Amino acid sequence: MSESQNQGQQGQSLENYSGDGSDLTEEQRQYLHTYAKHEVSGGGDQQTEVGAKSLSQNAEGEWA
Amino acid sequence: MGDWTDLVGKVIDHANILDANVENPQTTHNHVYPRAAQGGVSDLRGWNAEQEHLWDAFNSDPPQIPLVGGTLATPNRLTYGVSWRYGGQWQGHGRYVRDAFAWVRVHGIGAAQRFSIDAHWNDPEYEGDEQDPIAVITCDFTVKWEQFWMTDQQWNLHFIMKGDGSGRMTYGGG
């Protein structure tokens, strides 16, 4: 059996797999890890920097 | 070291804020204020009502070809970061930090995907004049991502939070 046929068969047998992995062989886990893992998708929100505030801005805030 | 720069208020060193996909909120917050303020942050005045925030969002998607069926259709969506309040003064000096905490929000995690986030808090510091210091506290995140029971990626983030309201997040190696 060729490698691609083997992979196709693996995919077929794991088509609806939703377990915790404890019943899988190492080969099956490796298969899922190689062919079904998520890809990081772009961008997303982030805030990497904020600027200093003046004391007068503070005074507008609440008092402890 | 003077009264205004002998700093206390860090009460938690480490928080596992995401433990195998389960949010574990950091309920104990860190502060940075002078030891001489014996009533704690309540002795300081002028706290800004607004919290500052630094965050990052992580998104990933299952493969386009549905190799393993519908249960993997859920994308991974997480947002994580830090928040703090700032600007409190003690006897009219300095600008200090209160209520600093690390957080994570899980919007979705796919099957056979596992995330964990460790937040490590470093000791308080200050910068500037000893009579009028700006308090600084920093926090390091380690984010671990496992896919199909194997570690896929691990990355680090460094957060700097200051008493004047400024802050910065930087990405480390992974």
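The chains referred to below are lettered A, B, ... by the order of the sequence lines, with proteins before strands, and numbering in each begins at 1. None of these values were measured; they are calculated from a predicted model. Side chains are part of it too, since the values below use all heavy atoms of this structure and drop only hydrogens, waters and symmetry mates.
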Colleague: How many angstroms lie between atom CG of B:Asp56 and atom CD of A:Gln47, to the nearest 0.5 angstrom?
Modeller: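 Output value for this atom pair is 11.5 Å.
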Colleague: Given the rule that I, L, V, M, F, W and Y join up when any side-chain heavy atoms are under 4.5 Å apart, are B:Trp155 and B:Val104 in one cluster?
Modeller: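 The answer is yes; both residues are in one hydrophobic cluster.
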Colleague: Can you hop from B:Phe141 to B:Phe101 via hydrophobic side chains spaced under 4.5 Å?
Modeller: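 Different clusters: B:Phe141 never reaches B:Phe101 through Ile, Leu, Val, Met, Phe, Trp or Tyr contacts under 4.5 Å.
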Colleague: Do you know the tightest heavy-atom contact between B:Glu52 and A:Gly51?
Modeller: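 Shortest heavy-atom separation between B:Glu52 and A:Gly51 comes out as OE2-O, 4.0 Å.
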Colleague: So how far is it from A:Glu49 CD to B:Leu54 CG, rounded to the nearest 0.5 Å?
Modeller: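 Interatomic distance, A:Glu49 CD to B:Leu54 CG, rounded to 0.5 Å: 8.5 Å.
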Colleague: Where on B:Phe159 is there a heavy atom nearer than 4.5 Å to chain A: the side chain, the backbone, both, or neither?
Modeller: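 Answer is neither: B:Phe159 stays 4.5 Å or more from chain A.
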Colleague: Do B:Val136 and B:Leu7 share a hydrophobic cluster (ILVMFWY, side-chain heavy atoms under 4.5 Å, transitive)?
Modeller: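 No, B:Val136 and B:Leu7 fall in different hydrophobic clusters.
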Colleague: Hey, does A:Val50 have a side-chain heavy atom less than 4.5 Å from the side chain of B:His53?
Modeller: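 Not in contact.
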Colleague: Evaluate side chain to side chain contact (heavy atoms under 4.5 Å, CB included) for A:Thr34 paired with B:Phe148, printing each intermediate quantity in order.
Modeller: CA-CA 9 Å; A:Thr34 302; B:Phe148 301 102; over 6 Å; no
Colleague: Side-chain heavy atoms nearer than 4.5 Å, only ILVMFWY residues, links allowed to pass through others: does that put B:Ile134 and B:Val41 together?
Modeller: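 No, because B:Ile134 and B:Val41 fall into different hydrophobic clusters, even though each may have its own neighbours under 4.5 Å.
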Colleague: For A:Val40 and B:Gln153, run side chain to side chain contact (heavy atoms under 4.5 Å, CB included): C-alpha distance rounded to whole Å, both residues' side-chain angles, the deciding distance at 0.1 Å, then the answer.
Modeller: CA-CA 11 Å; A:Val40 175; B:Gln153 290 182 33; 4.0 Å; yes
Colleague: Looking at B:Gln147, B:Arg77, B:Lys162, which makes the most heavy-atom pairs under 4.5 Å with chain A?
Modeller: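 Most heavy-atom pairs within the cutoff with chain A belong to B:Gln147.
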Colleague: So that I can tick it off, tell me whether A:Lys53 and B:Glu50 are bridged by a salt bridge, with the cut-off set at under 4.0 angstrom between side-chain N and carboxylate O.
Modeller: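 Not counted as a salt bridge, because no side-chain N and carboxylate O are separated by less than 4.0 Å.
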Colleague: Would you say NZ of B:Lys144 has more than 12 non-hydrogen atoms from neighbouring residues, nucleotides or ligands within 6.0 angstrom?
Modeller: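 For B:Lys144, atom NZ is not crowded (no more than 12 foreign heavy atoms under 6.0 Å).
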Colleague: Can you check whether A:Leu24 reaches B:Trp149 side chain to side chain, under 4.5 Å on heavy atoms?
Modeller: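 Counting from C-beta outward, A:Leu24 and B:Trp149 do come under 4.5 Å.
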Colleague: Is it the case that the side chain of A:Ser41 and the backbone of B:Asn59 share a donor-acceptor pair, with hydrogens and angles ignored and the cut-off at 3.5 Å?
Modeller: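 Answer holds: yes.
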Colleague: Would a single hydrophobic cluster contain both B:Met161 and B:Tyr80, if residues Ile, Leu, Val, Met, Phe, Trp and Tyr are joined by side-chain heavy-atom contacts under 4.5 Å?
Modeller: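 Cluster IDs for B:Tyr80 and B:Met161 match.
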Colleague: Measuring from atom NZ of A:Lys37 to atom CH2 of B:Trp145, what distance do you get when rounded to the nearest 0.5 angstrom?
Modeller: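 The distance works out to 7.5 Å.
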